[in-house]
Amino acid sequence: NPTVVINTSCEHMTDDWFYDLPDGQFVVLQTNNYFENSQHINCVASVEAALEKYQFSEVLYSGEIETMLYDRYMIIGIK
C-alpha cells in the first residue's frame with residue numbers, strides 16, 4: 001500500500017481516483033479553476049469548493065497560488 005498518494009492534475013480526471021482510496025490514506029492533491037482549457041474536465045471554482053468536493057477526515061494544509069491564467073489549489077491531508 002502506498003504511504004502517500006499525490007495527484008497534481010485532478011482537473012484532468014473524474015473524482016473516482018479519490019473516492020476509490022481507502023479511508024485513512026495520506027493524500028496530496030492539486031487542481032485549478034482553468035475552465036477554459038478543453039482538457040480540464042473537472043475544475044473547481046475555489047479552494048473552498050475543492051475542500052467540499054474532496055472530503056478529507058483531516059486537512060493538514062489547504063491553499064492557493066495565483067498564476068497569470070488561473071488559480072492553483074492544493075490540499076494535503078488524510079482521506
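The structure displayed is predicted, hence computed values, not measured ones. Reckoned from all heavy atoms, side chains included, excluding hydrogens, waters and symmetry mates.
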| ring pair (Phe, Tyr, Trp, His ring centres under 6.0 Å) partners for Phe35, two or more places apart |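 For Phe35, no residue satisfies ring pair (Phe, Tyr, Trp, His ring centres under 6.0 Å) once neighbours in sequence are set aside.
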| field | Residue Ile65 excluded, over 12 heavy atoms near CD1 under 6.0 Å | value |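 Open: at most 12 neighbouring heavy atoms sit under 6.0 Å from CD1 of Ile65.
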| Any side-chain heavy-atom pair from Ser46 and Glu64 closer than 4.5 angstrom? |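 Heavy-atom side-chain distance check fails, nothing below 4.5 Å.
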| Should Cys10 and Trp17 count as side-chain neighbours, where that means a heavy-atom distance under 4.5 Å? |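 They are in side-chain contact.
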What is the minimum heavy-atom distance between [X] and [Y], and which atoms define it?
X: Thr14; Y: Ile41; result: N-CD1, 4.1 Å
X: Leu51; Y: Ser62; result: CD1-OG, 3.9 Å
X: Ala49; Y: Ala45; result: CB-N, 4.1 Å

| field | Asn7 side-chain N/O to Leu29 backbone N/O, donor-acceptor pair under 3.5 Å | value |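 Not confirmed, Asn7 side chain does not pair with Leu29 backbone.
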| query | Are the side chain of Lys53 and the backbone of Val44 linked by a donor-acceptor contact shorter than 3.5 Å? | reply |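 No.
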| So which of Asn32, Asn33, Thr31 actually passes side-chain hydrogen bond (donor to acceptor under 3.5 Å, both in side chains) with Tyr73? |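 One option only clears the test, and that one is Asn33.
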| said: Can you pull out every ring-ring contact (aromatic ring centres under 6.0 Å, His included) where at least one residue sits in residues 37-59? Sequence neighbours excluded, please. | reply: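 Every pair satisfying ring-ring contact (aromatic ring centres under 6.0 Å, His included) with a residue in residues 37-59: His12-His40, Phe18-Tyr54, Phe18-Phe56, Tyr34-His40.
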| Pairs flagged by salt bridge (Lys or Arg N to Asp or Glu O under 4.0 Å) wherever residues 66-77 is involved - sequence neighbours left out |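 Of all non-adjacent pairs touching residues 66-77, those that pass salt bridge (Lys or Arg N to Asp or Glu O under 4.0 Å) are Glu11-Arg72.
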| query | Rounded to the nearest 0.5 Å, how far does CG of Leu21 lie from CZ of Phe26? | reply |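 Result: 13.0 Å between the selected atoms.
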Tell me whether [X] shares a hydrophobic cluster with [Y], the cluster being built from Ile, Leu, Val, Met, Phe, Trp, Tyr side chains joined at under 4.5 Å.
X: Leu60; Y: Met74; result: yes
X: Ile75; Y: Ile6; result: no
X: Val47; Y: Val59; result: no

